> 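Once you've had a glance at the structure underneath, I'll fire off some questions.
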There are 2 protein chains.
Amino acid sequence: MMAKYKDIGIKLTPQRLAILGYLEGNKAHPSAEDIYNDLHAKYPTMSFATVYTTLATLRAKGCISELSIDPDKKRFDPNTSDHNHLICTSCKRVVDITVPFDLTLPEDSASDFMITGSHVEFFGICPECKKNNRYSREDMEKCV
Amino acid sequence: MMAKYKDIGIKLTPQRLAILGYLEGNKAHPSAEDIYNDLHAKYPTMSFATVYTTLATLRAKGCISELSIDPDKKRFDPNTSDHNHLICTSCKRVVDITVPFDLTLPEDSASDFMITGSHVEFFGICPECKKNNRYSREDMEKCV
DNA sequence: ATTAATGCAAACACTTTGCAATGGA
DNA sequence: TCCATTGCAAAGTGTTTGCATTAAT
């Protein structure tokens with residue numbers, strides 16, 4: 001995410017500024033629906049279409065990244081620097097993992113792919129779900 | 001995936017046997033649609049509903065796992081043992097990575113989660129897409 | 001003034017579900 | 001026989017798109 005929105009090179013409409021402001025420093029890895037729901041109260045004219053198209057635009061500009069961490073919906077991350085994630089398989093909360101890992105892939109394991117990146121996901125049960133017993137054996141086996 | 005299907009403990013209908021046979025040793029990480037398309041020719045009565053419900057049943061029985069590697073559709077893997085994946089961000093081909101990684105997560109990084117598993121995904125461009133120039137800068141930045 | 005962005009609603013893609021009919025066990 | 005499974009079609013999610021209107025530059 002950029003410091004000054006003008007540098008992004010897109011028209012700064014009130015809707016886009018609201019979305020940019022919402023995402024700035026946001027560590028919740030929100031879905032499009034999360035964003036719409038939270039912003040619609042304050043910006044009644046905010047539409048789903050605008051949220052979706054703005055997210056697509058910001059992604060194309062490299063301002064945010066799209067996570068396929070949740071099998072049921074896309075989640076968005078304003079932190080585009082290299083990092084990994086820890087996911088609660090019960091409530092789908094996602095938290096950042098900033099410790100680095102050595103993910104050197106032996107040349108002969110790469111199947112002649114041109115490797116461009118990697119991502120580690122840890123699965124688990126978050127403290128809240130644990131405390132409230134909101135988890136089952138299935139949740140624990142399920143890796144999102 | 002089990003050696004003898006009887007051990008799974010489900011009714012072995014022709015449709016389920018077809019799906020089980022299709023998945024056995026399958027390294028393509030097919031989607032429900034892939035499975036339906038490939039089997040429908042041979043088993044004309046095979047329906048989408050049966051594919052979906054059978055996949056859900058097999059997953060609940062622990063015979064297959066569901067991957068959220070592809071943001072647009074669920075992919076299924078009959079290999080339920082611990083392994084990782086390499087994904088072509090252009091054609092969405094998924095290949096197995098069997099080399100192990102040390103993914104020890106420091107206690108203080110786990111945010112009090114009860115860790116239950118992990119998964120590494122590598123992104124890249126497969127040889128076919130590379131050869132046919134079926135990739136863009138966007139594809140290479142896109143991490144599925 | 002130009003041209004891109006907006007809101008709406010319809011369309012789309014993937015998945016799930018209700019229900020009567022079927023067929024394994 | 002009995003009850004789970006099937007196929008169909010409808011419904012349910014999440015996402016994208018066409019288009020007339022609006023507004024940022």
Side-chain angles (χ1 to χ4, degrees), chain A residues 4-22 29-61 63-76 92 138 142 144, chain B residues 4-22 29-61 63-76 92 138 142 144:
Chain A
K4 256 291 113 296
Y5 299 147
K6 275 195 175 171
D7 300 338
I8 304 176
I10 58 172
K11 275 193 189 171
L12 294 177
T13 65
Q15 294 86 343
R16 284 175 168 184
L17 286 168
I19 294 171
L20 283 162
Y22 180 86
H29 310 83
S31 66
E33 192 181 8
D34 293 334
I35 298 171
Y36 173 79
N37 285 341
D38 289 352
L39 290 179
H40 189 252
K42 212 168 172 183
Y43 304 84
T45 80
M46 178 80 68
S47 70
F48 262 110
T50 298
V51 172
Y52 277 108
T53 57
T54 298
L55 289 170
T57 301
L58 293 176
R59 191 206 199 210
K61 291 285 182 183
C63 300
I64 60 173
S65 52
E66 181 187 301
L67 308 177
S68 8
I69 262 184
D70 185 328
D72 296 324
K73 53 179 68 157
K74 291 169 182 168
R75 310 269 297 247
F76 297 87
K92 309 296 167 80
E138 259 173 56
K142 202 180 299 173
V144 176
Chain B
K4 256 293 114 286
Y5 300 145
K6 276 195 175 172
D7 300 340
I8 304 176
I10 58 172
K11 274 195 191 173
L12 294 176
T13 65
Q15 293 86 342
R16 285 174 168 183
L17 286 168
I19 294 171
L20 283 163
Y22 180 86
H29 311 83
S31 66
E33 192 180 8
D34 292 334
I35 298 171
Y36 173 78
N37 286 341
D38 289 352
L39 290 178
H40 189 252
K42 213 170 173 183
Y43 304 84
T45 79
M46 179 79 69
S47 71
F48 262 110
T50 298
V51 172
Y52 278 106
T53 56
T54 298
L55 288 170
T57 302
L58 292 176
R59 192 207 200 209
K61 290 287 180 179
C63 300
I64 61 175
S65 52
E66 183 187 300
L67 308 177
S68 10
I69 263 185
D70 185 328
D72 295 324
K73 52 178 70 156
K74 291 169 183 167
R75 309 269 296 247
F76 296 87
K92 308 296 166 79
E138 259 173 55
K142 202 181 298 174
V144 177

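Bear in mind that the values here come from a model prediction, so they are computed numbers and not experimental data. Lettering follows sequence order; numbering is per chain, from 1.
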> What is the distance, to the nearest angstrom, from the OH atom on A:Tyr36 to the P atom on C:dT6?
14 Å
> B:His40 has an atom NE2; how far is it from atom P of D:dC8, in whole Å?
7 Å
> Take the protein atom CG of A:Asp7 and the nucleotide atom P of D:dT25, then report the distance between them rounded to whole Å.
13 Å
> Nearest-Å distance, CD1 (B:Ile8) to C1' (D:dA4)?
16 Å
> Got a sec, which residues hit side-chain contact (heavy atoms from CB on, under 4.5 Å) with B:Tyr36, two or more places apart in sequence or on another chain?
B:His40, B:Met46, B:Phe48, B:Val51
> Applying side-chain hydrogen bond (donor to acceptor under 3.5 Å, both in side chains), can you list everything that pairs with B:Thr57, at least two apart in sequence or on another chain?
none
> For every nucleotide of nucleotides 14-25 of chain C, 5' to 3': is a protein heavy atom under 4.0 Å from its base (B), only from its sugar-phosphate (S), or from neither (-)?
SBBB-----BBS
> Does anything in residues 31-55 of chain B pair up under salt bridge (charged side-chain N to carboxylate O under 4.0 Å, His left out), and if so which pairs, sequence neighbours excluded?
B:Glu33-B:Lys73
> Return the value, rounded to whole Å, for the distance between atom CE of A:Met46 and atom P of C:dC8.
12 Å
> For B:Asp70 and D:dG14, what is the distance between atoms CG and P respectively, to the nearest whole Å?
17 Å
> Identify the heavy atoms of B:Ile8 and B:Cys63 that sit nearest to each other, and give their distance.
CG2-SG, 3.8 Å
> Nearest whole Å is fine: how far is D:dT22 C1' from A:Tyr43 OH?
19 Å
> Give the rounded distance in Å between these two atoms: CG of A:Leu17 and P of D:dA23.
15 Å
> So, using side-chain contact (heavy atoms from CB on, under 4.5 Å) as the criterion, who are the partners of A:Asp72 when residues are at least two apart?
A:Asp70, A:Lys92, B:Lys74
> Excluding sequence neighbours, so at least two apart, what forms side-chain contact (heavy atoms from CB on, under 4.5 Å) with B:Leu17?
B:Tyr5, B:Leu12
